[in-house]
Colleague: 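This is the structure I have questions about; it appears just below.
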Amino acid sequence: MFDFKVIKHLSNLLAIRNKMLLGNKSSFFQGMFLGIFVSISIPVLGQPITISSQFSFAVDPNFNSVIQTTRPSTSQNNLAVRTISTPDNNDDSQPSYKHLTTSDSISKYFEKIHQEALLRGHSYSRLGELCKKYGARLSGSDQTERAIEWAVQMLKSYDFDSVYQQPVMVPRWERGENSNLSIHSPLMGLIFKESKVISFGSKQFGIVDSIEPQKLQKMINSYRFQHSPASEYECNGYMQWLLTEQFKNEKDLKNAIKQNTFPGEISALGGSVSGNIEGKIVCVNSKNQLDSLGKLGVLKNKIVVLNRPFEEDFIQTFKSYGSCVNQRVNGADWCASYGVKGVLVRSMSNACDMHAHTGVTYYSDPKNAIPIAAIPTALADALNFLNIIDTDLSVRFQLNCKTLEDRLSSNVLAETKGGIYPNKIIVFGGHFDSWDEGEGAHDDGAGCMHAFEALRILKTIGYQPKHTLRCAFWINEENGLKGALKYAELCQEKGEIHSAAIESDRGGFTPRGFGIDSSMFTQTQKYSAIWDKYLLDHWEIGGGGADIGPLKKKDPNTVLVSFIPDSQRYFDVHHAKTDVFENVNKRELELGAAALACMIVVLDQEME
């Protein structure tokens with residue numbers, strides 16, 4: 001029933017605002033003006049009128065029409081007024097939520113989506129909740145299972161048509177106690193011995209007079225960045241890390257100098273075996289160089305440093321990653337056949353810093369498995385240089401990894417049923433698991449929040465999909481892909497048809513565009529002018545992703561789409577301790593969720 005008291009109460013509250021906007025010139029609106037501060041749905045003649053927080057409305061006393069008022073950007077003293085007739089069930093001129101046949105219709109939804117994401121978004125706060133309450137989410141861990149319980153309850157709180165779990169058995173690998181790396185270098189001992197320790201200061205770190213170690217770092221930088229006119233600014237480097245973060249007091253420094261042994265940062269690769277390894281090192285920059293030295297017997301009983309850096313001339317950093325990640329994934333196998341004792345891998349990052357980036361590694365023959373760990377890029381540069389000038393250089397590292405029995409976990413799914421093709425599914429999501437260092441904020445908490453937020457936004461703005469929309473949090477992408485494989489298997493068993501699958505697994509940075517299978521590329525480009533308005537102008541023919549790839553194998557007709565955000569900073573934090581909530585930008589994350597929701601609308605409208 002229409003409640004006049006509600007209108008009267010709201011009009012009293014907003015009387016001051018009316019006068020500011022209208023002065024004394026408009027008696028029509030007085031007492032009946034609903035302001036921008038409220039959001040309420042009121043039935044009028046059997047039809048709901050929603051008063052949104054983005055707009056101001058007035059109601060005609062005859063209740064034959066609703067007047068929507070907006071403030072034009074060109075004037076702060078005038079109102080632009082537009083009259084919209086009360087909806088008629090038989091009026092075909094009304095916009096259809098199921099059939100958006102024009103670019104104008106699509107454009108209006110794009111606008112609504114972005115307004116909801118940027119003004120009332122949930123993605124950022126939910127990501128903070130996930131990262132700060134549950135942290136890292138390594139498959140099979142108790143911490144991950146608690147996070148999954150949170151995800152289920154969180155999704156249920158939004159009253160989607162259904163929220164459910166798919167049981168999945170996942171591998172369980174644990175890092176064990178903290179790994180450690182020590183570098184034995186008489187040359188470094190001599191250099192640090194020449195430094196004068198004046199004061200460690202009130203903050204308990206930092207050598208004030210450290211001229212000689214700084215000179216050594218400059219030499220390391222000059223060797224690594226040979227084309228730089230001022231290489232000392234390219235990277236603070238390993239020496240700076242020792243001076244500012246490791247030697248907390250004079251005793252620590254004196255002990256390091258006495259033993260000619262200095263600490264280093266290290267991170268066991270996921271799946272590595274344990275071991276306590278010590279020996280001379282050999283640095284190699286390519287697989288060909290490794291094979292040449294291996295055939296000569298130079299690598300036997302040595303520790304190999306696989307030191308191929310990112311190729312910086314690739315604009316897309318994922319191409320740089322792809323060009324050298326095989327040394328991390330297969331490096332232990334490569335080296336074991338040449339009698340190598342252990343492997344250290346340059347972190348997969350184009351940043352020069354002292355953060356080790358972990359990641360998965362595999363063994364083709366577990367009987368010949370050798371320990372393998374990642375080291376920071378700055379440390380890899382230092383070892384590469386020191387190995388040239390210090391003939392007595394050696395390293396020792398210890399890993400305490402273990403592999404346990406598989407554990408039952410689950411994918412988490414949420415759905416809005418389609419009105420025309422309920423049996424045809426558009427799935428979109430990211431992987432819920434992460435590595436055990438950092439908080440998995442960008443990789444791939446952001447992707448999961450993109451997907452959840454897209455589903456929430458479309459529900460909130462009243463979009464009625466033709467296809468069933470399914471948000472997916474896949475488990476175990478990082479070290480097994482068991483969640484995606486089980487998802488595709490169960491879909492095939494149920495006879496489900498996936499019209500499209502979208503993956504977000506490239507971080508929560510500024511959205512740039514999408515990669516999409518050629519079969520749908522032309523249809524999405526019909527709206528290029530609208531995409532451009534939202535700066536989504538990077539398009540690639542061919543979509544895909546680790547978690548949606550198995551679907552394509554089961555059903556070649558599934559259109560794959562990959563979300564493409566800006567990639568320049570992604571590998572600064574990828575698989576590292578720095579992948580934390582604080583390093584996610586709120587607005588960038590929200591724009592990513594909006595972009596995903598827009599793509600879902602286009603696919604839903606263009607596909608049958």
Side-chain angles (χ1 to χ4, degrees), residues 6 10 13-14 17 33-42 48-57 66 68-71 73 95 97 100 105-133 150-151 153-161 163 414-416 428-430 441 445-465 469 471 473 502 504 508-511 530 533-536 563 565 581 584-602 604:
V6 173
L10 290 174
L13 289 175
L14 298 167
R17 184 176 184 274
F33 191 82
L34 303 186
I36 199 168
F37 305 107
V38 297
S39 178
I40 185 169
S41 181
I42 303 172
I49 297 176
T50 298
I51 302 167
S52 168
S53 61
Q54 294 182 43
F55 301 96
S56 299
F57 289 84
V66 178
Q68 176 183 326
T69 67
T70 60
R71 294 186 59 158
S73 59
Y97 289 104
L100 306 181
S105 299
I106 292 291
S107 181
K108 288 175 182 177
Y109 269 105
F110 275 35
E111 182 177 359
K112 289 181 179 181
I113 286 167
H114 280 82
Q115 287 176 342
E116 180 65 26
L118 296 173
L119 298 177
R120 294 170 294 276
H122 291 199
S123 59
Y124 188 72
S125 57
R126 287 303 194 187
L127 179 63
E129 193 176 6
L130 173 62
C131 292
K132 293 307 174 186
K133 287 189 176 181
W150 166 84
Q153 296 306 313
M154 182 272 287
L155 291 170
K156 285 184 176 180
S157 72
Y158 289 94
D159 293 324
F160 297 124
D161 290 341
V163 176
E415 290 182 357
T416 296
F428 43 94
C448 290
M449 294 307 103
H450 282 156
F452 138 72
E453 178 73 338
L455 191 65
R456 183 198 72 82
I457 288 173
L458 295 176
K459 180 177 187 293
T460 300
I461 67 174
Y463 179 75
Q464 298 175 7
L469 306 183
C471 162
F473 297 170
I502 313 172
S504 174
F509 299 99
T510 303
I530 308 175
K533 178 181 177 181
Y534 295 93
L535 305 182
L536 296 167
F563 169 62
F581 176 65
V584 177
N585 179 274
K586 181 176 186 288
R587 187 172 177 84
E588 290 181 334
L589 183 70
E590 291 170 344
L591 286 169
L596 185 61
C598 290
M599 174 54 76
I600 293 166
V601 168
V602 169
D604 185 49

Colleague: Drop me the distance from Arg120's CZ to Ile461's CD1, to the nearest 0.5 angstrom.
Modeller: 10.0 Å
Colleague: Got a second to check how far Glu588's CD is from Ser123's OG, nearest 0.5 Å?
Modeller: 12.0 Å
Colleague: For the residue pair Ala414 and Val163, what are the closest heavy atoms and their distance?
Modeller: CB-CG2, 4.0 Å
Colleague: Between Phe160 and Tyr158, what is the ring plane arrangement, given parallel below 30°, perpendicular above 60°, and tilted in between?
Modeller: parallel
Colleague: For Leu455 and Glu415, what are the C-alpha separation, side-chain angles and deciding distance, and is it a side-chain contact (heavy atoms from CB on, under 4.5 Å)?
Modeller: CA-CA 8 Å; Leu455 191 65; Glu415 290 182 357; over 6 Å; no
Colleague: Mind checking the CZ-CG spacing from Phe473 to Leu155? Nearest 0.5 Å is all I need.
Modeller: 5.0 Å
Colleague: Side chains of His114 and Cys598: closer than 4.5 Å at any heavy-atom pair?
Modeller: yes
Colleague: Between Glu453 and Arg126, does at least one N-O distance fall below 4.0 Å, as a salt bridge requires?
Modeller: no
Colleague: To the closest 0.5 Å, what do you measure between CD (Glu116) and CD (Glu590)?
Modeller: 10.5 Å
Colleague: Mind checking what makes side chain to side chain contact (heavy atoms under 4.5 Å, CB included) contact with Pro511, not counting sequence neighbours?
Modeller: Leu536, Phe563, Leu591, Ala595
Colleague: Apply the side-chain contact (heavy atoms from CB on, under 4.5 Å) test between Pro465 and each candidate in Asp604, Val601, Ile600; give the one that qualifies.
Modeller: Asp604
Colleague: Is the shortest heavy-atom distance from the side chain of Trp150 to the side chain of Glu129 under 4.5 Å?
Modeller: yes
Colleague: With the side chain counted from C-beta on, respond yes when Leu127 and Phe452 share a heavy-atom pair under 4.5 Å apart, and no when they do not.
Modeller: no
Colleague: What is the minimum heavy-atom distance between Cys131 and Phe581, and which atoms define it?
Modeller: CB-CB, 3.9 Å
Colleague: For His450 versus Ser504, what's the shortest heavy-atom pair and its separation?
Modeller: ND1-OG, 2.8 Å
